[in-house]
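First comes the structure, then the notes that go with it.
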There are 4 protein chains.
Amino acid sequence: MSARRRDSQTTAAARAGRRAELLATAAEVFASRGYAATTVREVADAADILGGSLYYHFDSKEAMVDEILSVFLADMWSAYDKVIASGLGARETFEALITESFRCIERYRPAVVIYQNESKHLATNPRFSYLVDSQQRFREMWLSVLDRGVTDGILRADLDTGLIYRFIRDTVWVAASWYRTDGPLPAEEIARQYIAMVLEGILTT
Amino acid sequence: MSARRRDSQTTAAARAGRRAELLATAAEVFASRGYAATTVREVADAADILGGSLYYHFDSKEAMVDEILSVFLADMWSAYDKVIASGLGARETFEALITESFRCIERYRPAVVIYQNESKHLATNPRFSYLVDSQQRFREMWLSVLDRGVTDGILRADLDTGLIYRFIRDTVWVAASWYRTDGPLPAEEIARQYIAMVLEGILTT
Amino acid sequence: MSARRRDSQTTAAARAGRRAELLATAAEVFASRGYAATTVREVADAADILGGSLYYHFDSKEAMVDEILSVFLADMWSAYDKVIASGLGARETFEALITESFRCIERYRPAVVIYQNESKHLATNPRFSYLVDSQQRFREMWLSVLDRGVTDGILRADLDTGLIYRFIRDTVWVAASWYRTDGPLPAEEIARQYIAMVLEGILTT
Amino acid sequence: MSARRRDSQTTAAARAGRRAELLATAAEVFASRGYAATTVREVADAADILGGSLYYHFDSKEAMVDEILSVFLADMWSAYDKVIASGLGARETFEALITESFRCIERYRPAVVIYQNESKHLATNPRFSYLVDSQQRFREMWLSVLDRGVTDGILRADLDTGLIYRFIRDTVWVAASWYRTDGPLPAEEIARQYIAMVLEGILTT
DNA sequence: CATGAATGAGGGTTCATTCAT
DNA sequence: AATGAATGAACCCTCATTCAT
């Protein structure tokens, strides 16, 4: 009985572990080749199993990206929510959000790349409607921070906040496509320089 | 005689015109659906002809993107080269290059989107080796401008110019994915605000 | 009036001439590339016109081979018939038929090659039922000559005449695939050696 | 353990068997309809599977003919090489080569037919350069045998050996197009009569 | 859990053919 | 007579997916 229980526990844990392994592999491949251009066989090859075998673990190719993106977004929002809930001032919030973003990139690089490259196309599928929701929520969050910054007199009022928002969104996330964990600059240093650049500009003062 | 000449002129012009028309349509579709995910039939549908008919004008789907990208890049570089050749100071060069970039986006939006989204994958194909060349040349051009800016004491020396370069590259081009010709802000205004943001930052001074 | 007549005569003659020219070109191309593997465009290219233009002269690609083969077969049979009708002895008939065959090859090489390579497949099409008829008539003609040879004591009786027939048929016609008008051996010399070989064998006596 | 071994043996054998089965089917269809004119679907229909399924076993239609022809040629040359290596006299070599050829036809009829009909066109493709090599080697082998025959005084000197070579080549192989395993004459009898015909001629002596 | 074989829809491409000019 | 553009069926091939073992 206890043997059986241990067995099933082991099995369940192993199954979950295998699942995570396969998802990590899939994310890597999707990120580097592009979701649409990646064949299920390529994912399977990278995981050293046969194409059909993936279907024991996942319902479909779509289900794989779905899980990859959901997990990433859930974690990202949990981090953002903590920042928002901590009641910081506009500037501190700004910096914390950007730092959190770069941390996300560090932890979920492949997922972020997929998100960047594919979410526009995936979003047309009802299954991925949460991508649209997330994007909208993201926009509202940032605009609220930026507007607060303008109101508080911290941010320049002569710039379109919509433009600033896009500016930030684009540069932060696109970093996922070139950021390497083993590169010369650690995530925190990149975040620091990035924040300096965005806040103070690149001109000498 | 003159009738014949006009005829052949009309014919030649019509032919080139049709080609350009089809390319414009294809660029639009590739940009919105993604090159790999777009079927030749979708392009044909958008052009109101049958799939096979495209092959009267183009050798292959690949030949279409090739032409779309080559034309855009040729024009872009001709604009950049003029700026470089005009012997402006570092700051003026900086501003002129960015303004030219936004003008390119305005004129070649779909091509720029395709360039952004697909060039990484396309570049693995020898046929598109010019994409790699262009990217390298682009990088060298910007680094040279930025380094000159630092040397001249115009740009901050405490930031990694490689990071600034990527920062600029990403934000400028990614604008193609949201820029609309009929949007509220004209290209020049966007360029102006963008330059202000990058040079002076978004903080109040 | 007379001008008009001369015109229409000229036109009709020219049309027939053009037709023959195009057919000769088509035969050459079909022979060298294979009928099925040859595209209408390839024929047109060889004739220095556009693909669609061929349809002014011929109803279809099929109509072209049809005409090529019919003309050749009609001429061949007219030659054979003369031989048969001339009441020669078995051996003289044998030699005359073979000589006639090599003459045909000389005059209609491309048509003969097409006949050799494609008639089996074409024959499944009712339009080309005459190919089957011709083959059967050919077989009967030769068997009759060979049987007469055996009866007259001229040909060996220990060989299957069916086998001899195939033997002759194959070697004679297949020569079309390697025979060149400008080669070292003229048609008559080839016929002579060929006849010697078949009749007397290749051993020294 | 032994069960597992038997399993894997069975599997491997079954796999090779299936491959061979499919190749045999393909060869049959290619031979009867012509390679170019045969669609992959026709092959699949004949094998009672769907068109796409063939691509699980073979890379392409081309890969199928390639394997069909390579296997046949390899076996043929292994047989020829044995004959050549056995150091027989000119006449015995002659007879042995022809007998071997008819045996090849018996065993590889469809492959031989394909070889006859398609090798000229296939040979333009670098992948099939071995066809050209084989033809050249074949020619050299025969000319060497024939020349030896003339030198030894066994063969007539008044005939062009190049012509004899073509004569033999054509008649032997073309037999594949009419030879039926279940026909009235067994391969050895055909070879015997064929050799008699070629060596001694068809005239009474 | 994984394999091997097959499915079947659909994708890029070719090509005989048509037709207005 | 010939052109140039288009048609549409069919072709080779790919790939997500299924399923018996």
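The chains referred to below are lettered A, B, ... by the order of the sequence lines, with proteins before strands, and numbering in each begins at 1. Side chains included, hydrogens not; waters and symmetry mates left out as well; all remaining heavy atoms used.
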Which heavy atom in [X] sits nearest to a heavy atom in [Y], and how many Å separate them?
{"X": "B:Leu22", "Y": "B:Ala47", "value": "CD2-CB, 3.6 Å"}
{"X": "D:Pro110", "Y": "D:Glu28", "value": "CG-OE2, 3.8 Å"}
{"X": "D:Ala111", "Y": "D:Ile68", "value": "CB-CG2, 3.8 Å"}

* Asked: How far, in whole Å, is F:dT21 from E:dC1 if one measures between their C1' atoms?
  -> 12 Å

* Ring-face cation of C:Lys61 near C:Tyr35 (centre distance under 6.0 Å, axis angle within 45°) -> yes

* Counting only side-chain N and O atoms of A:Ser53, is one of them less than 4.0 Å from OP1 or OP2 of E:dT3? -> yes

* Asked: Given that A:Leu50 and D:Gly52 both sit by DNA chain E, which one's nearest nucleotide is further toward the 5' end?
  -> A:Leu50

* Asked: DNA chain F: D:Gly51 or B:Gly51, which has the more 5' nearest nucleotide?
  ->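 With D:Gly51 and B:Gly51 compared, the 5'-side residue is B:Gly51.
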
Counting heavy atoms not belonging to [X], are there more than 12 under 6.0 Å from its [atom1]?
{"X": "C:Arg19", "atom1": "CZ", "result": "yes"}
{"X": "D:Asp59", "atom1": "CG", "result": "no"}
{"X": "C:Arg18", "atom1": "CZ", "result": "yes"}

* To do: May I ask you to list the residues of residues 54-69 of chain A, by number, that have any heavy atom positioned under 4.0 Å from an atom of DNA chain E?
  => A:Tyr56, A:His57

Does the structure show a Watson-Crick or G-U wobble partner for [N], both distances under 3.5 Å? Name it, or say none.
{"N": "E:dT21", "value": "F:dA2"}
{"N": "E:dC15", "value": "F:dG8"}
{"N": "E:dG10", "value": "F:dC13"}

* Check DNA chain F against residues 18-49 of chain C and give the residues with a non-hydrogen atom under 4.0 Å, in numerical order. =>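 The answer is C:Arg18, C:Ile49.
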
* Structure fact -> Applying salt bridge (Lys or Arg N to Asp or Glu O under 4.0 Å) to D:Arg127 and not counting sequence neighbours gives D:Glu62, D:Asp66

